[in-house]
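As the structure lists them, so they are numbered: ligands from 1, and atoms in each ligand from 1. Small disclaimer: the values here were computed from a predicted structure and weren't measured.
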Amino acid sequence: MYFKKIIGSKCYLSPMNSNDAEKFTEWLNDLDITVNLTLYNSIINTENEKAMLEKLSKDHNYSIIDNKTDELIGNCGYIDLDHLNQTAEVGIFIGNKNYWNKGYGTEALTLLLDYGFKALNLHNIGLRVYSFNRRAIKSYENAGFKIIGKRREALLRGKEKYDIIFMDILEKEFYENNKIIMEINNGVGGNFA
Ligand SMILES: CC(C)(COP(=O)(O)OP(=O)(O)OC[C@H]1O[C@@H](n2cnc3c(N)ncnc32)[C@H](O)[C@@H]1OP(=O)(O)O)[C@@H](O)C(=O)NCCC(=O)NCCS
């Protein structure tokens, strides 16, 4: 069962449900997906994933659900929320690969950012991405993130060393430049604006 907490035109964000552990376990054992994540080197089984989902569901982490089919396609959320400094980091993955490159990731991230700036009072939101992950970098740029630096040769994948790219976005940049949120807000007024 999913709940329409934050609604976009393609997808909505719902609280996470630990009954989805099997689906997440399948995705997090797919190296095409995890090569892009810190979980690449982790052992994930249904039991520890269920415990992880229960933990994640208590914080601002959300399942990404397709509007048309109510199907679970991935998750996104905040790590290291710091209310004193109004900062946080985001993480996202679309586990259902049929949904890659169709705008779902960018929209889900946009919904999460809008919620972060308006409801969680954030000012600066950051993320880390691996230099070979061109799709993610483009999606983040489309959501309004800027590259602010990199940690050189800090990631090992297949015996090769890659840079870790740091990106961030400020509240005012998001509302000035993000076309998706402008369309959503113009169309329906934003579901929690
Ligand atoms: C990264 C991810 C969240 C992006 O979501 P998505 O729904 O696939 O992405 P979108 O369709 O919203 O946007 C992808 C953009 O990258 C572009 N793109 C795709 N492959 C690309 C490539 N090899 N080089 C450059 N740009 C590329 C697309 O054309 C699109 O840009 P456009 O809309 O301007 O044409 C998703 O692919 C995913 O979860 N991947 C696996 C896990 C992962 O990488 N997570 C992020 C870890 S930091």
Ligand 1 versus Trp27: contacting region, heavy-atom distance under 4.0 Å
neither

Among all the protein's non-hydrogen atoms, which is closest to atom 28 (C) of ligand 1, and how far away is it?
Asn101 OD1, 3.7 Å

Once the angle between the rings of Phe174 and Phe117 is folded into 0 to 90°, is it parallel (under 30°), tilted (30 to 60°) or perpendicular (over 60°)?
tilted

Counting non-hydrogen protein atoms only, what is the nearest one to atom 20 (N) of ligand 1? Give residue, atom name and distance.
Arg135 CB, 3.7 Å

Do the side chains of Ile147 and Tyr140 get nearer than 4.5 Å, heavy atoms only?
no

For atom 35 (O) of ligand 1, the protein heavy atom that lies nearest, with its residue and separation:
Lys138 NZ, 4.5 Å

Just to check, does Gly74 reach to within less than 4.0 Å of ligand 1 when the distance is taken from its heavy atoms?
no

Check whether any side-chain N or O of Asn36 sits under 3.5 Å from a backbone N or O of Ile33 as a donor-acceptor pair, and report yes or no.
yes

In a check of side-chain contact (heavy atoms from CB on, under 4.5 Å) between Glu71 and each of Ile65, Asn96, Ile64, which one passes?
Asn96

Can you check whether Arg135's main-chain N or O pairs, donor with acceptor, with Ser139's side chain at less than 3.5 Å?
no

Nearest to atom 48 (S) of ligand 1, what protein heavy atom do you find, and at what distance?
Tyr140 OH, 3.1 Å

With a 4.0 Å cut-off on heavy atoms, does Lys97 reach ligand 1?
no

May I ask whether Tyr130 has any heavy atom positioned less than 4.0 angstrom from an atom of ligand 1?
no

